[in-house]
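Below: one structure, written as structure tokens.
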Amino acid sequence: VVKLIGEDQANLMNDPVYRELDGIYLRDCKIAKSISNYATVNARSDLAKSVKLFEYVIRTIRYSQDHMGWIPHAPEQRVDVPLTLYDLCLLGFGTTQDRAWLFSALLRQIGLDSVLIFPESGNQAQGFGGHMLMGVIIGQQVYLFDLHDGVPIPGPAGVAETPDKPSVAILEEVTAHPELFRQLDP
């Protein structure tokens, strides 16, 4: 810790006002900052950076329906407890919610906000599929990513795609044209 924050800061953290969870939070922020710097090194636009971070999360966190939650004093009991970002990165697998948490933390490090979107299950016939989506807010637009299936929701066909402007659907487009989800059908 001293190498990361310096001796004065480390001494300050030994003050009883700080808890172990404060240290965990700082560690997770440092990890997220390092990952976001690494993953977005060649991206210039906010959208391109978002796509790079999304690809990093999908590539490094294998999807699992649940994770091995456990209670330290009773390891034989399984509970659904959230993992820290450190745990997610160390284990390399997690639920859709775990992926969302990591993606959101990485986006926060580059100054972008995100929202979780839960399409109504009644819209399945229109193509929403009932997945939890992550929306990345850039300017006045909300760009959509599917953390379960591991793909950005593709924008309208025929839209020119460049390295700085990947084709990712925005919430407004998908609301007006739910058939955009059909592009993901096999």
Side-chain angles (χ1 to χ4, degrees), residues 25 28-29 31-67 80 82-83 85 88-89 93-186:
Y25 175 75
D28 286 354
C29 287
I31 290 169
K33 184 65 175 173
S34 295
I35 291 170
S36 63
N37 287 342
Y38 167 77
T40 62
V41 71
N42 292 324
R44 292 189 301 246
S45 71
D46 285 341
L47 180 57
K49 289 177 183 179
S50 298
V51 170
K52 292 288 188 187
L53 292 175
F54 176 77
E55 290 170 347
Y56 178 88
V57 169
I58 298 307
R59 195 173 54 246
T60 59
I61 307 299
R62 182 178 53 89
Y63 172 73
S64 176
Q65 284 188 324
D66 62 358
H67 49 72
D80 193 18
L83 300 172
L85 297 183
L88 286 173
C89 293
F93 67 89
T95 64
T96 301
Q97 292 84 356
D98 293 327
R99 285 175 160 185
W101 186 20
L102 177 58
F103 187 38
S104 180
L106 298 177
L107 289 167
R108 192 176 323 115
Q109 293 299 321
I110 63 168
L112 295 177
D113 291 324
S114 58
V115 294
L116 292 177
I117 300 170
F118 296 92
E120 295 180 15
S121 60
N123 288 339
Q124 272 185 317
Q126 297 177 352
F128 284 100
H131 283 355
M132 172 183 77
L133 302 175
M134 175 73 78
V136 178
I137 302 169
I138 301 173
Q140 299 296 313
Q141 305 295 337
V142 179
Y143 292 87
L144 301 175
F145 296 84
D146 184 342
L147 288 154
H148 179 270
D149 289 340
V151 294
I153 304 302
V159 173
E161 187 171 0
T162 66
D164 282 337
K165 181 94 170 97
S167 181
V168 179
I170 59 174
L171 183 60
E172 190 175 5
E173 291 171 337
V174 171
T175 304
H177 305 284
E179 65 274 5
L180 287 174
F181 281 105
R182 291 287 159 227
Q183 298 178 84
L184 300 174
D185 288 349

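Computed from a predicted structure; not experimentally measured.
- A heavy-atom distance below 4.5 Å is not found between the side chains of Ile153 and Val168.
- Side-chain atoms of Glu173 come within 3.5 Å of backbone N or O of Ile170 as a donor-acceptor pair.
- Interatomic distance, CD of Glu55 versus CZ of Phe145, reported as 9.0 Å (0.5 Å rounding).
- Smallest separation of non-hydrogen atoms from Lys52 and Ala39: CB-O, 3.4 Å.
- The distance from atom OH of Tyr143 to atom CG of Asp46, rounded to the nearest 0.5 Å, is 9.5 Å.
- With contacts defined as side-chain heavy-atom distances shorter than 4.5 Å, the pair Val136/Leu144 does not qualify.
- When atom types are taken as modelled, the side chain of Thr40 and the backbone of Ala43 share no donor-acceptor pair closer than 3.5 angstrom.
- For the pair Leu107/Leu53, a side-chain contact is recorded, criterion being any heavy-atom separation below 4.5 Å from C-beta on.
- Between Leu147 and Arg99, the closest heavy-atom pair is O-NH1, 2.6 Å.
- At least one donor-acceptor pair closer than 3.5 Å links the side chain of Asp146 to the backbone N or O of His148.
- Gln109 approaches Ser36 most closely through the heavy-atom pair CB-OG, 3.4 Å.
- Counted by atom type alone, Ser34 and Asn37 present zero donor-acceptor pairs between their side chains at under 3.5 Å.
- Taking the centre of each ring, Phe54 and Phe103 come in below the 6.0 Å mark.
- Using a 4.5 Å heavy-atom threshold, the side chains of Val142 and Ile117 count as touching.
- Taking all atoms of both residues into account, the shortest heavy-atom contact from Lys49 to Arg44 is CE-O, 3.9 Å.
- Smallest separation of non-hydrogen atoms from Ser50 and Ile138: OG-CD1, 3.8 Å.
- One finds the CZ atom of Phe93 at 13.0 Å from the OG1 atom of Thr60 (value rounded to the nearest 0.5 Å).
- The distance from the OG atom of Ser104 to the CG atom of Leu116 is 7.5 Å, given to the nearest 0.5 Å.
- Atom CG of Leu85 is separated from atom OH of Tyr25 by 10.0 Å, given to the nearest 0.5 angstrom.
- Considering every non-hydrogen atom in both Pro154 and Ala169, the closest pair reads O-CB, 3.4 Å.
- The distance from the SG atom of Cys89 to the CD1 atom of Ile61 is 5.0 Å, given to the nearest 0.5 Å.
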